[in-house]
Amino acid sequence: MQTDSRDLAQLSAALQSPGAFLYSARRLFKHYSDLLLYGRSTRRQRGNALIGMLLKSALDSGVDLRVNAPFIRLIQDAGRVSGVVFEENGVRQEVRAGAVVLASGGFSGDPVMRAAHTAYAAEHIGLPPESNVGDGLRRAMDAGGRMAQGNVSDYCRAPVSVLRRKNGEVVKHPHFRLDRCKPGAIVVDAHGRRFVNEACSYHDFVMAMHAAGAVPAYLIGDQRFLRKYGMGLVRPFPFPYRSFVREGYLVQAPTLAALAEKLGIDAAGLQASVERLNGYARTGVDLEFRKGADIYSRGDGDPAHGPNPCLGEIAQGPFYAVRLYPGDSSTTCGLVTDTHARVLDADNAPIPGLYACGVDMNNPSLGTHPAAGCNLGPAIAFAYRAARHIVDSAGTPSAASQNAKPARAKSEWTGAGTAATLD
């Protein structure tokens with residue numbers, strides 16, 4: 001269901017005010033009507049809205065889009081990249097172009113590259129499409145490009161839970177902010193001990209999992225927490241949850257000791273951790289990890305809960321748990337490029353005709369994850385710079401760019417150049 005911040009506030013208060021109830025009822029009716037008519041919601045928010053607008057812009061501009069057409073190799077003439085070979089419906093085809101811009105989505109779906117770029121590779125769960133296997137990166141390296149080294153992290157990380165249905169379907173859920181940040185949640189390791197501020201950045205959360213060896217980690221809450229905030233794929237009241245228990249995604253037990261036994265973790269450690277957290281909830285001060293003391297975590301808590309919007313007692317059985325695994329929303333390690341997004345070789349010289357953006361380009365923040373969108377921002381900025389450089393190098397500005405005002409005192413043309421873009 002596509003939601004924005006206003007939707008979340010209204011949906012959370014659906015049973016608390018008539019206005020929120022009517023708003024939520026309209027949103028749910030529209031959502032499920034779309035599912036019946038089209039198989040998916042027609043409403044787009046956040047990143048989905050951005051992609052929708054970009055897709056419409058491409059279609060309006062006459063861009064030829066090909067899907068299910070794997071990238072085979074780059075075409076090079078006298079050292080210059082001048083096109084690509086791809087396969088469509090079992091037939092290999094080639095496209096000649098003045099330049100090639102690689103944007104193939106990184107390597108999150110490739111187990112070999114994953115093993116080389118992260119700890120706990122066997123347990124790591126990637127959220128991007130499993131077809132993102134680094135084919136653009138490999139083809140660039142075949143042409144002389146190189147991958148960056150020395151990043152703080154090679155992924156934009158996020159904790160993930162997984163539902164494995166009996167029919168073989170695998171459903172992944174990123175725990176960005178909707179459950180672990182709320183009052184009444186605790187996350188522990190196999191010893192039943194807390195190891196992190198549960199409401200910290202999702203990237204920092206996974207880094208803490210690695211550092212503590214908490215793979216998997218366990219998100220735990222009581223009946224009150226589950227029905228008020230939900231846990232992962234389990235939505236809050238009035239949505240049902242017992243099917244998730246039957247499928248093994250949500251673990252339920254009448255006591256904390258029984259829950260620890262089902263999870264295979266230390267019961268005494270869990271009981272002690274919960275008792276300490278309950279004490280912090282009463283005072284509003286987390287003496288161990290300062291949950292709710294910083295603006296980031298408080299912003300994702302429950303503003304109606306006090307004295308700390310992120311701290312609540314865990315006391316009302318039955319008790320529930322969801323297993324969390326280290327995962328990612330994208331890779332951040334990519335090709336070394338210059339300020340025009342040109343791919344550089346081992347001598348730091350640009351490979352003529354070859355550009356990279358998105359997560360095929362090494363992230364400028366070097367995997368530090370300064371904020372949400374730290375991949376999207378550079379992707380847009382450097383795609384723009386690549387396009388400008390291609391046009392300037394070709395010396396053939398588009399008709400639209402001829403009528404545009406220059407961005408700086410020195411006239412620089414904008415518009416679409418001759419380029420084959422892989423995405």
Side-chain angles (χ1 to χ4, degrees), residues 47 71 102-160 162 172 174-176 196 200-217 324-339 341-346 348 354-383 422-423:
F71 176 29
L102 298 173
S104 63
F107 59 84
S108 185
D110 184 73
V112 175
M113 297 188 77
R114 181 165 59 242
H117 288 272
T118 187
Y120 296 98
E123 294 84 6
H124 186 99
I125 298 172
L127 292 169
E130 294 182 0
S131 56
N132 291 15
V133 293
D135 44 358
L137 301 171
R138 288 190 173 89
R139 301 296 82 78
M141 289 188 282
D142 291 343
R146 58 190 173 89
M147 294 280 286
Q149 296 182 351
N151 286 353
V152 174
S153 172
D154 289 342
Y155 286 91
C156 177
R157 302 180 187 273
V160 180
V162 181
K172 306 173 185 177
H175 292 253
F176 288 131
V196 68
C200 71
S201 153
Y202 42 89
H203 178 84
D204 293 344
F205 187 97
V206 174
M207 298 300 284
M209 291 176 71
H210 286 181
V215 180
L324 303 181
Y325 297 89
D328 71 275
S329 59
S330 74
T331 51
T332 56
C333 182
L335 298 164
V336 178
T337 60
D338 66 7
T339 57
R342 295 180 295 182
V343 176
L344 303 181
D345 63 16
N348 277 332
L354 185 61
Y355 299 76
C357 60
V359 293
D360 277 359
M361 181 189 77
N362 195 55
N363 191 278
S365 65
L366 305 180
T368 57
H369 197 259
C374 64
N375 282 324
L376 293 176
I380 294 171
F382 283 93
L422 304 179
D423 194 349

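Computed from heavy atoms alone, side chains included, the values below leave out hydrogens, waters and symmetry copies. Given the structure is predicted, the values throughout are model-derived calculations rather than measurements.
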Taking the six-membered ring for Trp, are the ring centroids of His175 and Phe205 within less than 6.0 Å of each other?
->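 No, the ring centres sit 6.0 Å or more apart.
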Could you tell me if the side chain of [Y] sits less than 4.5 Å from the side chain of [X], heavy atoms only?
X      : Y      : answer
Val152 : Ser365 : no
Arg139 : Leu102 : no
Arg157 : Thr332 : no
Arg138 : Phe107 : no
Asn362 : Thr337 : no
Thr118 : His210 : yes
His124 : Tyr155 : yes
Cys333 : Met147 : yes

Contact summary for [X] and [Y], nearest pair of heavy atoms:
X      : Y      : answer
Val196 : Ala208 : CG2-CB, 3.6 Å
Leu335 : Ala356 : CD1-CB, 3.9 Å
Leu354 : Ala143 : CD2-CB, 4.5 Å
Ala115 : Ala121 : CA-CB, 3.7 Å
Val215 : Pro326 : CG1-CD, 3.6 Å
Tyr202 : Pro159 : O-CD, 3.6 Å

For a side-chain hydrogen bond (donor to acceptor under 3.5 Å, both in side chains) with His117, tell me which candidate from Thr331, Asp154, Asp328 qualifies.
-> Asp154
For the [atom1] atom of [X] and the [atom2] atom of [Y], what is their distance to the nearest 0.5 Å?
X      : Y      : atom1 : atom2 : result
His369 : Ser201 : NE2   : OG    : 5.0 Å
Met207 : Cys200 : CE    : SG    : 11.5 Å
Asn375 : Met361 : CG    : CE    : 9.0 Å
Asn132 : Ser108 : CG    : OG    : 7.0 Å

Could you please spell out the steps behind the side chain to side chain contact (heavy atoms under 4.5 Å, CB included) verdict for Arg146 and Asn348?
-> CA-CA 9 Å; Arg146 58 190 173 89; Asn348 277 332; 2.2 Å; yes
Give a yes or no on whether the backbone of Gly367 and the side-chain of Asn363 come within a donor-acceptor separation of less than 3.5 Å.
-> no
